[in-house]
Amino acid sequence: MFALIDCNNFYASCERVFNPELNNQPVVVLSNNDGCVIARSNEAKALGIPMGQPAFQLEKLIRENNVKVFSSNYALYGDMSSRVMNILSQFSPELEVYSIDEIFLKLEGFDLYDFHAYGTQMITTVYKNTGIPISVGIAPTKALAKVANKIAKKFKDRTNGTYVINTPEKIEKALRWTEIGDVWGIGRRYATKLKNIKVNNAWQFTQLPAQYVLKEMTIVGHRLHRDLSGVPTLELDEIAIKKNIAVTRSFDKMLDDYEDMKERVSTYAAKVSSKLRNQNSCCKVAYIFIHTNGHREDLPQYSNGITVQLPYSTNSTIVISKAALRGLSRIFKKGYQYKKAGIILMDLTPDTEKQLTLFYKEDHRHQILMKTIDRLNLNCFDKVKFGGQDLNHTWKMRQEHLSKRYSTRLNEIITVKC
DNA sequence: TCTGGGGTCCTAGGACCC
DNA sequence: TCTGGGGTCCTAGGACCC
């Protein structure tokens, strides 16, 4: 059996842990630059606030319903996530952290367990130790565990947060209840396509001939088809190192000056290089892109990107920054209002396995320098920067509703008044 | 005024090899 | 009239996830 545990309205729940006044209130969390809604409490969902809606379009609704608004606080969410995952990892030796708020556990050898009671135990433990509410779905396959989780959440009153699918009858019932577009792995495109042939729920999907699914939805759809039918097909994915690492950001305002763009790209290059070192990898290729504001139809549009080969496999901020700026110089065009830039590092290898080159010699002092900078920045909160970066804090993300980093900064720790 | 930021996997087709 | 039979690697684009 597999369990899929996910945190209810995760970002909103994190805010509530440290601010109990938010309980039973509509809460939303916004994306970077306070752009779009990316998390909603149940009360906010009930008001009809959709995922991804731009915040400025919701001003009236927010005001009239006293919706509590937060800028995203990834320091807080990331730390709360690792606490939750740590606790849940004690419930099975085999696990896959699937996203910031979801984890699969493989329950092999748990045949004698009362799964519902086990799920309840997870919920109680996580809530007691972190304050985060979770839901638990347990079923013979990963795809069915996803379905079970959805049911656990939807019928919380009856399920108490845990739902177990363990018989063919329950599989059929659960699949008939699941709309095709809500199936894990069926996105908008496939949902439309399937509805056109009168496949409206997950059960009808499992009744399609395997050959048809393979042909129309590739091997990916075929695996899902089996897994959903109750034949274990999708296995736990091992925790792998990432194959791409990116930092891409919209600016708080539009930029047309080359020097400003250089500064942005340098800053992103430094961020992304530090992420790369953090997973002990090096990269061979960097992709740099810039584009104008696609929402401004009144302005001329331009977007471009370029792949830059690095002289050797590296994770040095100095080398990666230089390459990124070289890329920028090739794609930057004067006369446009830019809104976004990004850098994606590709062709990653573990830094212990990097290929040396014959013609370029890496400056080994970089490694020592980077290590020192990383250590300083860990302790001193990103105070060490390179000359090309945003030394004067000229660029700030719009974060007008940012909560404190309660769990990772001593000087932002919560104060309790008696 | 204001519109996010990450990731993965698969396939088809082109360019190339012998 | 008729024009081989294997391969590999790379890339762009499409689908999906949170």
Side-chain angles (χ1 to χ4, degrees), chain A residues 4-7 9-11 28-40 50-60 62 69-74 77-78 81 85 96-104 142-143 146 149 180-194 213-224 234 237-254 268 271-272 275-276 279 284-285 287 289 291-299 305-307 309 337 339-348 397-401:
Chain A
L4 186 264
I5 298 103
D6 103 346
C7 301
N9 315 319
F10 182 53
Y11 296 171
V28 299
V29 178
L30 306 179
S31 61
N32 281 348
N33 276 318
D34 292 345
C36 302
V37 173
I38 55 167
R40 307 156 294 158
M51 193 72 166
Q53 175 104 19
F56 74 90
Q57 294 172 359
L58 288 166
E59 262 164 36
K60 185 157 172 272
I62 285 171
V69 179
F70 289 88
S71 307
S72 33
N73 182 347
Y74 289 106
Y77 310 151
S81 169
M85 298 308 170
E96 174 190 349
V97 176
Y98 181 67
S99 74
I100 194 165
D101 72 334
E102 282 175 78
I103 183 171
F104 283 103
K142 283 175 85 176
K146 271 272 191 185
N149 182 286
I180 193 64
D182 291 338
V183 174
W184 182 46
I186 309 257
R188 269 225 303 274
R189 292 296 181 95
Y190 284 147
T192 309
K193 204 162 162 177
L194 288 165
V213 176
L214 180 62
K215 185 165 162 277
E216 296 297 325
M217 301 171 68
T218 79
I219 190 70
V220 181
H222 185 246
R223 288 187 196 129
L224 172 68
L234 306 173
D237 279 334
E238 291 163 32
I239 308 137
I241 58 164
K242 289 197 171 59
K243 296 177 174 172
N244 297 297
I245 291 187
V247 169
T248 71
R249 291 280 183 283
S250 300
F251 315 138
D252 56 339
K253 56 188 177 194
M254 291 186 284
Y268 298 169
K271 274 187 208 280
V272 79
K275 270 172 128 179
L276 183 66
Q279 82 156 28
K284 273 251 43 177
V285 173
Y287 178 79
F289 72 84
H291 58 76
T292 49
N293 187 345
H295 296 285
R296 291 291 299 269
E297 286 169 12
D298 54 323
L299 296 175
I306 188 169
T307 307
Q309 302 287 330
Q337 299 280 320
K339 181 62 180 169
K340 183 169 180 172
I343 165 162
I344 305 172
L345 302 182
M346 302 180 297
D347 248 23
L348 308 191
M397 246 194 301
R398 196 164 40 245
Q399 289 185 311
E400 289 171 7
H401 314 278

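Keep in mind that the numbers below use all heavy atoms, side chains included, and drop hydrogens, waters and symmetry copies. Within every chain, numbering begins at 1; the chains are lettered A, B, ... in the order of the sequence lines, protein sequences first and strands thereafter.
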Which part of the nucleic acid, if any, lies within reach of [X] when heavy atoms closer than 4.0 Å are counted: base, sugar-phosphate only, or nothing?
{"X": "A:K146", "result": "sugar-phosphate"}
{"X": "A:E102", "result": "sugar-phosphate"}
{"X": "A:I186", "result": "sugar-phosphate"}
{"X": "A:V183", "result": "sugar-phosphate"}
{"X": "A:D101", "result": "sugar-phosphate"}

One pair to check against side-chain contact (heavy atoms from CB on, under 4.5 Å): A:Q279 and A:L348. What are the steps and the verdict?
CA-CA 10 Å; A:Q279 82 156 28; A:L348 308 191; 3.9 Å; yes

Over how many whole Å does the gap from [X] atom [atom1] to [N] atom [atom2] extend?
{"X": "A:D182", "N": "C:dC17", "atom1": "CG", "atom2": "C1'", "result": "14 Å"}
{"X": "A:L348", "N": "B:dT8", "atom1": "CG", "atom2": "C1'", "result": "13 Å"}
{"X": "A:M346", "N": "B:dG6", "atom1": "CE", "atom2": "P", "result": "15 Å"}
{"X": "A:N293", "N": "B:dC2", "atom1": "CG", "atom2": "P", "result": "7 Å"}
{"X": "A:I180", "N": "C:dC16", "atom1": "CD1", "atom2": "P", "result": "11 Å"}
{"X": "A:H222", "N": "C:dC16", "atom1": "NE2", "atom2": "C1'", "result": "18 Å"}
{"X": "A:R188", "N": "C:dC16", "atom1": "CZ", "atom2": "P", "result": "9 Å"}
{"X": "A:M51", "N": "B:dG5", "atom1": "CE", "atom2": "P", "result": "14 Å"}

By ring-ring contact (aromatic ring centres under 6.0 Å, His included) - contacts of [X] (at least two apart):
{"X": "A:Y190", "value": "none"}
{"X": "A:F289", "value": "A:H291"}
{"X": "A:F70", "value": "none"}

According to salt bridge (charged side-chain N to carboxylate O under 4.0 Å, His left out), does anything in residues 240-249 of chain A pair up with another residue at least two apart or in another chain? List the pairs.
none

When you get a sec, tell me which of [options] is the closest nucleotide to the side chain of [X]?
{"X": "A:Y190", "options": "C:dA15, B:dG4, B:dG7", "result": "C:dA15"}
{"X": "A:E59", "options": "B:dG4, B:dC2, B:dT3", "result": "B:dC2"}
{"X": "A:I38", "options": "C:dC16, B:dG4, C:dC18", "result": "B:dG4"}
{"X": "A:K275", "options": "C:dC18, B:dG6, B:dG4", "result": "B:dG6"}

A:Q337/A:N293 under side-chain contact (heavy atoms from CB on, under 4.5 Å): CA gap, chis, key distance, verdict
CA-CA 7 Å; A:Q337 299 280 320; A:N293 187 345; over 6 Å; no

Any residue meeting side-chain contact (heavy atoms from CB on, under 4.5 Å) with [X], in chain and number order, not counting sequence neighbours:
{"X": "A:A55", "value": "A:L30"}
{"X": "A:M346", "value": "A:N244, A:V285, A:Y287, A:T307, A:I344"}
{"X": "A:Y74", "value": "A:Y11, A:N32, A:I38, A:S72, A:Y77"}
{"X": "A:K215", "value": "none"}

Is the number of heavy atoms from other residues, nucleotides or ligands within 6.0 Å of NZ (A:K284) greater than 12?
yes

At less than 4.0 Å, is any side-chain N or O atom of A:R296 found next to OP1 or OP2 of B:dC2? Yes or no.
yes

Rounded to the nearest 0.5 Å, what separates atom CE in A:M85 from atom CD in A:E96?
10.5 Å

Taking only residues two or more places apart in sequence or in another chain, which ones pass side chain to side chain donor-acceptor pair (under 3.5 Å) with A:E216?
A:K193

Per nearest nucleotide of DNA chain B, the residue lying toward the 5' end, A:K339 or A:L214, is A:K339

Pick the nucleotide of DNA chain B nearest each of A:T218 and A:K340; which residue has the one closer to the 5' end?
A:K340

Table of protein N/O atoms under 3.5 Å from nucleotides 10-12 of chain C N/O atoms:
none

Its dot-bracket string being built from Watson-Crick and G-U pairs below 3.5 Å, with | for another strand and [ ] for crossing, DNA chain B has the pattern ....||||||||||||||

Taking only heavy atoms on the protein side, list every residue of residues 243-251 of chain A lying under 4.0 Å from any atom of DNA chain B, sorted numerically.
A:K243, A:N244, A:I245, A:A246, A:V247, A:T248, A:R249, A:S250

